[in-house]
Amino acid sequence: MGDVVRFMSKSDLERARLIREARANYERIFPSADPAREQPGPLGGDGRQGTSDA
């Protein structure tokens, strides 16, 4: 109870989708310098083979 459902027009939904897609593309091309968000390389920090979480 108490949940609010907000109406969004189709154009607003499309705009939000395009913005999310553009941000994802930008982040792929220009990764952030935030070390917490960086993906590990092929070797782990201790020199062993890294594992993928995908």
Side-chain angles (χ1 to χ4, degrees):
M1 292 288 189
D3 291 340
V4 176
V5 177
R6 186 177 145 213
F7 171 78
M8 290 184 71
S9 67
K10 285 184 180 180
S11 61
D12 287 343
L13 289 171
E14 180 69 4
R15 180 177 180 270
R17 183 189 68 78
L18 290 171
I19 290 171
R20 282 192 309 271
E21 187 176 313
R23 286 181 178 158
N25 287 337
Y26 184 88
E27 185 65 27
R28 223 178 347 263
I29 296 168
F30 304 107
S32 65
D34 184 7
R37 295 187 59 169
E38 287 183 10
Q39 296 295 323
L43 296 177
D46 58 1
R48 292 184 298 152
Q49 182 76 21
T51 60
S52 67
D53 293 333

Residues, nucleotides or ligands: over 12 heavy atoms within 6.0 Å of R23 CZ: no
Approximate separation, where rounding is to 0.5 Å, of E14 CD and I19 CD1: 10.5 Å
Would you tabulate the side-chain donor-acceptor contacts of residues 6-13 under 3.5 Å, counting partners in other chains and residues two or more places apart, or write 'none'?
residue	atom	partner	partner atom	Å
S9	OG	S11	OG	3.1
S9	OG	D12	N	3.3
S9	OG	D12	OD2	3.4

Salt bridge (Lys or Arg N to Asp or Glu O under 4.0 Å) involving R28 - partner list, sequence neighbours excluded: none
